[in-house]
Visitor: 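Once you've had a glance at the structure underneath, I'll fire off some questions.
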Amino acid sequence: MFVISKRINGDFKFEFTSRKGKTIFTSISCKQKSDCEMMIDAIRSQITMFAFTKNRAGSGKYFFRLSKGGLVLATSRKYSTELSIQKGISEILKYVQRAETLDFSENEMIFPPAEDVFAVVE
């Protein structure tokens with residue numbers, strides 16, 4: 001699924017997560033939530049138009065960048081093997097068209113304050 005949220009600086013981002021809830025890739029920062037929504041729609045409907053560029057970090061782990069027309073739109077999490085990075089890409093190709101979108105960008109605090117949950121009873 002795609003999950004839209006706000007960064008600390010107020011910009012928006014989205015993540016594509018696996019069925020188990022693990023982040024597969026995270027988008028670039030966007031000033032407007034509508035930009036995230038447009039990128040999600042484009043990825044969902046035209047995934048074959050995007051390039052997956054595999055890279056290797058200094059630590060030896062693998063990651064990929066999702067781009068279109070040379071513009072990098074997202075960077076994946078780190079993978080320990082080439083097989084696992086390919087599984088991540090395969091999962092995107094398999095599920096992206098029917099992936100749901102969750103929007104957590106409006107909720108400053110997803111969880112209620114602790115004092116509201118753990119009220120002291122005297």
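All values below were derived from every heavy atom in this structure, side-chain atoms included, with hydrogens, water molecules and symmetry-related copies excluded.
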Visitor: Salt-bridged, K33 to E106, with N to O below 4.0 Å?
Guide: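 Judged by the 4.0 Å cut-off on N to carboxylate O distance, K33 and E106 do form a salt bridge.
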Visitor: Take atom NZ in K68; do more than 12 heavy atoms of anything else shown fall under 6.0 Å from it?
Guide: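 Correct, the count exceeds 12.
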Visitor: Would you call K6 and D11 a salt bridge, taking side-chain N to carboxylate O under 4.0 Å as the test?
Guide: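 Here K6 does not pair with D11 in a salt bridge, since their nearest N and O are not under 4.0 Å apart.
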Visitor: Kindly give the heavy-atom pair with the smallest separation between K13 and E15, and that separation in Å.
Guide: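 So the two residues come closest at NZ-OE2, 3.0 Å.
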Visitor: Between Q86 and K54, is the side-chain contact (heavy atoms from CB on, under 4.5 Å) condition met? List the steps.
Guide: CA-CA 9 Å; Q86 192 55 51; K54 297 177 190 175; 2.7 Å; yes
Visitor: Between F52 and F64, how do the two ring planes meet: parallel, tilted or perpendicular, split at 30° and 60°?
Guide: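 The rings of F52 and F64 stand perpendicular, inter-plane angle above 60°.
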Visitor: Go through I43 and D41 one step at a time and tell me if the side-chain contact (heavy atoms from CB on, under 4.5 Å) criterion holds.
Guide: CA-CA 6 Å; I43 292 168; D41 287 343; over 6 Å; no
Visitor: Does any non-hydrogen side-chain atom of S5 lie less than 4.5 Å from one of S105?
Guide: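 No, side chains not in contact.
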Visitor: I'd like to know if the side chain of D103 reaches the main chain of T101, judged simply by a donor and an acceptor atom lying under 3.5 Å from each other, with no hydrogens or angles considered.
Guide: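 The answer is no, because no donor-acceptor pair under 3.5 Å joins these two groups.
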Visitor: Have a look at F25 and tell me which of T17, L73, L66 forms a side-chain contact (heavy atoms from CB on, under 4.5 Å) with it.
Guide: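 When T17, L73, L66 are each tested with F25, the side-chain contact (heavy atoms from CB on, under 4.5 Å) holds only for L66.
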Visitor: Any side-chain heavy-atom pair from I92 and I47 closer than 4.5 angstrom?
Guide: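 Counting from C-beta outward, I92 and I47 do come under 4.5 Å.
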Visitor: Are R7 and S29 packed together at the side-chain level, in the sense that at least one heavy-atom pair is separated by less than 4.5 angstrom?
Guide: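 In contact.
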Visitor: Mind listing the closest non-hydrogen atom pair of F63 and R56 along with its distance?
Guide: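 Heavy atoms only, the tightest pair is CE2-C, 4.0 Å.
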Visitor: Y62 and T81: which non-hydrogen atoms are nearest, and at how many Å?
Guide: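 Looking at all heavy atoms of both residues, the shortest contact is CD1-C, 3.6 Å.
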Visitor: Centroid separation under 6.0 Å, is that true for the rings of F2 and F16?
Guide: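 Between F16 and F2, the centre distance is under 6.0 Å.
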Visitor: I4 versus L102: any side-chain heavy-atom pair under 4.5 Å?
Guide: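 Side-chain contact under 4.5 Å: no.
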Visitor: Any side-chain heavy-atom pair from R77 and T26 closer than 4.5 angstrom?
Guide: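 With C-beta onward as the side chain, the pair stays apart.
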Visitor: What are the two closest non-hydrogen atoms of M1 and A99, and how far apart are they?
Guide: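 Minimum heavy-atom separation between M1 and A99: CA-CB, 4.0 Å.
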Visitor: What are the two closest non-hydrogen atoms of I24 and G88, and how far apart are they?
Guide: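 Answer, listing the atom of I24 first, then G88: CG2-O, 4.2 Å.
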Visitor: Side chains of D35 and F12, heavy atoms from C-beta outward: is any pair under 4.5 Å?
Guide: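 Result no, sub-4.5 Å side-chain heavy-atom pair not found.
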Visitor: Can you get from L93 to I85 by hopping between Ile, Leu, Val, Met, Phe, Trp and Tyr side chains that sit under 4.5 Å apart?
Guide: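 In one cluster with L93: I85, yes.
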